[in-house]
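Worksheet for the structure shown next.
Throughout, a chain's letter reflects where its sequence line sits, starting with A, and its residues are numbered from 1.
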Amino acid sequence: DGGITQSPKYLFRKEGQNVTLSCEQNLNHDAMYWYRQDPGQGLRLIYYSQIVNDFQKGDIAEGYSVSREKKESFPLTVTSAQKNPTAFYLCASNDRGTGNTIYFGEGSWLTVV
Amino acid sequence: AQSVTQLDSQVPVFEEAPVELRCNYSSSVSVYLFWYVQYPNQGLQLLLKYLSGSTLVKGINGFEAEFNKSQTSFHLRKPSVHISDTAEYFCAVSVNRDDKIIFGKGTRLHILP
């Protein structure tokens, strides 16, 4: 089945540790995104990538890093520099052929303990 | 830069009653407009989208939205809600030829028995 797969669904991290969230898509979409969701704040854009080996900062990129070595994969690393990392993280990809419609993965819950 | 405002953070409505969720946007250029739905602990699912053409757009689950350029609005409506419509709804906007997609803060729809 075509879609976007995020893993893990739930992740616990100790303070001071880096953690990487995986995002894989088999939709052949060029553009991919990472959003962070906090209660009452909607979705905020962390990073996005329009093409392999290229990515841009979103509105809240500080404390995060990404890579885009393959079209199918866009992993997000939450570094120890992110002061408040506990949140729900959503990966998405974009079907530019039908007017920039975004398709989402099921999300990953990150909790810092 | 474009932005999206969802005027209500929560909307309670009785089952089988009609509902309208409001969305206003700002942009100096032509836009694409979207409504997404999010059920608890899941990713977002596309309800409907406006790209061009008819200003009345029909989506899944009996929802529809009307694009009003003069009022810069894209309100979501359903004539009769069901308990299964309980979810959070997000309005989003993207600019032609721009991959950046901006989301509103969401409206939580509560269906009362």
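Around the CZ atom of R108(B), the shell of radius 6.0 Å holds no more than 12 heavy atoms that belong to other residues, nucleotides or ligands. The environment of CD1 in I51(A) is sparse: at most 12 heavy-atom neighbours from other residues, nucleotides or ligands sit within 6.0 Å. Surrounding NZ of K57(A) are at most 12 heavy atoms belonging to other residues, nucleotides or ligands under 6.0 Å away. The environment of E20(B) atom CD is dense: over 12 non-hydrogen atoms of other residues, nucleotides or ligands sit within 6.0 angstrom.
A chain of hydrophobic side-chain contacts below 4.5 Å, direct or via other Ile, Leu, Val, Met, Phe, Trp or Tyr residues, connects L47(B) to V31(B). No continuous path of ILVMFWY side-chain contacts below 4.5 Å connects Y47(A) to I102(B), so the two sit in separate hydrophobic clusters. If you chain together hydrophobic residues whose side chains sit under 4.5 Å apart, L21(B) and V81(B) fall into the same group. Residues L33(B) and V4(B) are members of one and the same hydrophobic cluster, defined by side-chain heavy-atom contacts under 4.5 angstrom among Ile, Leu, Val, Met, Phe, Trp and Tyr. When the side chains of ILVMFWY residues are joined at heavy-atom separations under 4.5 Å, either directly or via intervening members, F63(B) and F74(B) end up in a single hydrophobic cluster.
Contact residues of residues 67-91 of chain A toward chain B are F88(A), L90(A) (heavy-atom distance under 4.5 Å). The interface of residues 106-113 of chain A with chain B, defined by heavy-atom distances below 4.5 Å, comprises E106(A), W109(A).
For D30(A), no part lies near chain B; criterion is any non-hydrogen pair under 4.5 Å. Only the side chain of L45(A) comes within contact range of chain B, judged by heavy atoms closer than 4.5 Å. Q38(B) touches chain A through its side chain: at least one heavy atom from C-beta onward sits under 4.5 Å away, while N, CA, C and O do not. For Q6(A), no part lies near chain B; criterion is any non-hydrogen pair under 4.5 Å.
Using a 4.5 Å heavy-atom threshold, the side chains of Y35(A) and L44(B) count as separate.
For F104(A) and Y39(B), the ring centers are positioned 6.0 Å apart or more.
To the nearest 0.5 Å, atom NZ of residue K105(B) and atom CD of residue Q37(A) are 13.0 Å apart. From N94(A), atom CG reaches atom OG of S94(B) across 7.5 Å, with rounding to the nearest 0.5 Å.
The side chain to side chain donor-acceptor pair (under 3.5 Å) search around S70(B) returns N68(B), not counting sequence neighbours. Residues passing the ring-ring contact (aromatic ring centres under 6.0 Å, His included) test with F90(B), sequence neighbours excluded: none.
Counting all heavy atoms, side chain and backbone alike, T101(A) lies closest to K49(B) at OG1-NZ, 3.0 Å. The shortest non-hydrogen separation linking Y33(A) to I101(B) is OH-CD1, 4.3 Å.
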